[in-house]
Structure formats: structure tokens, C-alpha cells
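Counting convention: from 1, in listed order, for ligands and their atoms alike.
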Amino acid sequence: MHRAAANPYNTNLPSRGVVKCSRCGLNAVTFIRYNGTHLCHQHFVEYVEKRVKREIRKQLSIDGPMKIAVGLSGGKDSSVALVLLKKILEDRRDVEIHAISVDEGIEGYRPPSLEKAAELTRELGVQHHIVYFRDEFGTSMDAIAPSSGFRTPCTFCGVLRRKCLNKKAIEIGADVIATGLNLDDTVQSIMMNFTRGDVERLARLGPHVKVQSGLIPRIQPLRSIPEKESYLYAMLEGIGFSDDECPYSDPALRNDYREIIDSLENRSPGSRFSILASYDAIAPLLREKYPPAKLKRCECGEPSLGTRCKACELLDELIGVDQTKS
Ligand code: SF4
Ligand SMILES: [Zn+2]
Ligand SMILES: [Zn+2]
């Protein structure tokens with residue numbers, strides 16, 4: 001889900017010269033409420049990078065040549081994930097980083113963000129692959145959205161985009177796909193699945209620890225980085241990103257969880273980390289109880305639970321609906 005943001009991230013910036021960095025005494029650029037520290041530009045950047053480095057080490061064992069495909073939308077989180085992976089792994093000659101963007105065909109929204117993605121990959125010298133819904137499925141989100149019926153456009157978009165990413169990642173020989181999911185996204189997903197009682201889905205939340213044939217595992221380098229910190233990192237480091245809102249976004253449900261979690265965090269700073277830590281503690285038990293199902297292969301070539309993959313099933317629902325709009 002891509003969010004709108006006319007600066008929705010209260011980054012706690014103090015007025016210049018008033019508050020000093022808790023580590024070096026220079027002017028602070030932010031206050032980290034959950035640990036009570038003020039940080040200057042340099043110490044904030046180091047603070048973020050240190051945790052992302054730890055996440056990468058935890059989620060990825062690099063014991064030979066490796067290719068990482070970053071799912072790059074041109075938004076702040078995936079752009080920050082790409083920049084950080086590139087920076088943290090720059091000395092690893094055996095690691096190749098690529099970026100994959102998906103053009104779902106959303107006029108006025110996707111082209112500018114793809115432009116940002118292209119600029120960033122040019123700056124970083126990263127190979128950029130773009131997959132088009134129009135080429136893959138002969139349709140676009142602008143055509144699908146009006147006919148999505150009882151489903152939300154995001155249901156179609158998410159499933160089809162996952163398929164595009166997985167397929168392209170296989171095509172370029174990637175070992176993992178890195179996404180820009182941050183701490184807030186992760187905790188919202190955990191709470192949503194808990195509340196729905198969807199324990200099986202809870203067991204399957206990334207990062208993926210088991211490799212399944214035909215499915216490229218996912219890593220989440222920003223998993224322990226709050227959204228505000230990802231935003232501030234992008235601003236301070238001059239990373240160009242698009243903050244436009246998708247015209248089909250229906251953030252209602254996720255917004256409820258966002259509000260609940262934000263108010264928990266306000267009342268008791270550090271709550272998001274506690275929820276994540278509790279999830280991580282029970283995740284191995286959940287995975288043991290709900291091991292990944294044996295996957296079949298859909299006629300389109302994608303791995304799937306049933307005889308047809310979710311993308312093909314959803315596309316079947318559109319049969320007979322005019323898909324000519326681009
Ligand atoms: S349709 Fe939904 S999932 Fe797709 S880009 Fe828009 S908000 Fe994101
Ligand atoms: Zn400092
Ligand atoms: Zn299929």
C-alpha cells in the first residue's frame with residue numbers, strides 16, 4: 001500500500017540551536033522518544049544504519065556470490081532500503097544489487113514515481129528493471145479498478161505485483177527480494193492478522209526463513225526502522241522519492257491499526273518494538289505448527305497452493321470485462 005504524505009511524519013525536529021545531540025553536543029535534528037536521545041544529523045544517520053546493518057546480518061547469510069533484487073516503487077521506504085543496502089554492502093564484491101519496479105498502469109501516479117526510481121538507480125549505478133502489467137497481463141490498474149467489484153483495487157494490485165516481482169527476480173537470477181517494509185508496516189500487519197485470527201498468515205509474514213521452490217524469499221532491511229525515521233533519513237541524506245498518493249488507495253482499514261499503534265506508542269514509547277519482539281519470539285512456534293504448504297505449479301508457471309495461482313484466479317474474474325483502458 002502506498003500512502004499519501006503532505007508531510008504526515010512528525011519527525012520531532014527541534015528548533016535549531018535549542019537542543020543538543022546526546023552523543024556529541026552538536027545541534028540535534030531529532031528526538032528519539034522511545035530511548036530518550038536527541039541526535040544530530042551524523043549520529044541519527046549512524047543510528048539508522050547500524051540497525052539496518054544488524055537486520056541484514058540477521059536476515060541474510062552471505063556465504064558466496066549473491067544477487068539481491070530490491071522492489072523499488074520510487075516511494076521513500078523502498079528508496080531508503082536500496083540506498084542502505086548499496087551502502088552497507090558496498091565492500092562485498094560478491095553481492096550484486098538490482099532494482100525491480102512494477103508499472104501497474106496508474107495514470108498520473110506511477111509515471112512520476114518510476115521517474116524517481118530511475119533517477120535513483122542511475123545515481124547509484126544499479127541496474128533497473130521495469131515490469132509492466134500491460135505486458136504481463138494485457139491490462140492495467142486503470143482498467144481493473146472500476147471492475148474490481150467487491151474486492152478493493154489493492155487486492156488485485158498486490159497479488160499481480162507480487163507475481164511480477166517474483167517472475168522478474170527469477171529471470172535475473174536473484175537470490176532474494178528486498179522490500180521497503182518498515183517497523184510501522186510490520187507491526188500493523190502483525191496486529192491485523194492477530195485481530196482477524198489469521199494465525200496461518202501470521203506464520204507466513206516475512207522475512208522468509210524457508211526457501212520454497214519457485215518463490216524468491218523476501219528480506220525486510222527496514223523492519224526495525226520506524227516510518228518517521230525512514231522519512232527523516234531520506235530527507236537528511238537527500239534521497240529523491242515520490243510521496244504522491246495512489247488514486248485507488250483505500251487506507252481505511254490500515255489507518256485504524258495505524259491510529260491504535262500510534263496511540264499505544266505515544267502512551268508508552270517502545271510499544272512497536274515490544275510487539276515486534278513478541279512476534280519474533282512466537283514466530284518459530286507458529287512456523288512449526290503451520291509449515292509452508294507444498295506448492296503446486298499453476299499453468300502460468302507460478303508456484304501456487306491450488307491448481308491455479310491467485311493472480312490467475314483474480315484475472316479470471318475479469319473475463320468479459322472491458323480491459324482496453326490503458
Ligand atoms: S492500487 Fe493499492 S496497492 Fe496498487 S499502487 Fe495503488 S494503493 Fe498501492
Ligand atoms: Zn551527534
Ligand atoms: Zn497462474
Given side chains that start at C-beta, do those of Leu84 and Leu222 come closer than 4.5 Å, heavy atoms only?
yes
For ligand 1, which atoms have a heavy atom of Cys246 less than 4.0 angstrom away?
1 (S), 5 (S), 6 (Fe), 7 (S)
Quick one: do the His41 and Glu237 side chains pair a donor with an acceptor below 3.5 Å?
yes
Just checking, any donor-acceptor pair under 3.5 angstrom between side chains of Asp77 and Tyr231?
no
Work out which heavy atom in Phe273 is nearest to a heavy atom in Ser224; give both atom names and the distance.
CE2-O, 3.5 Å
Answer yes if the side chains of Ser101 and His128 hold a donor-acceptor pair under 3.5 Å, and no otherwise.
yes
The criterion is salt bridge (charged side-chain N to carboxylate O under 4.0 Å, His left out); which residues satisfy it with Arg57, sequence neighbours excluded?
none
Please could you name the atoms of ligand 1 that Cys157 approaches to less than 4.0 Å, counting only its heavy atoms?
1 (S), 3 (S), 4 (Fe), 5 (S)
Total protein N/O/S atoms sitting under 2.8 Å from the Zn ion (ligand 2), waters ignored, is 4
Looking at Glu245, Glu104, Glu115, which hits salt bridge (charged side-chain N to carboxylate O under 4.0 Å, His left out) with Arg110?
Glu104
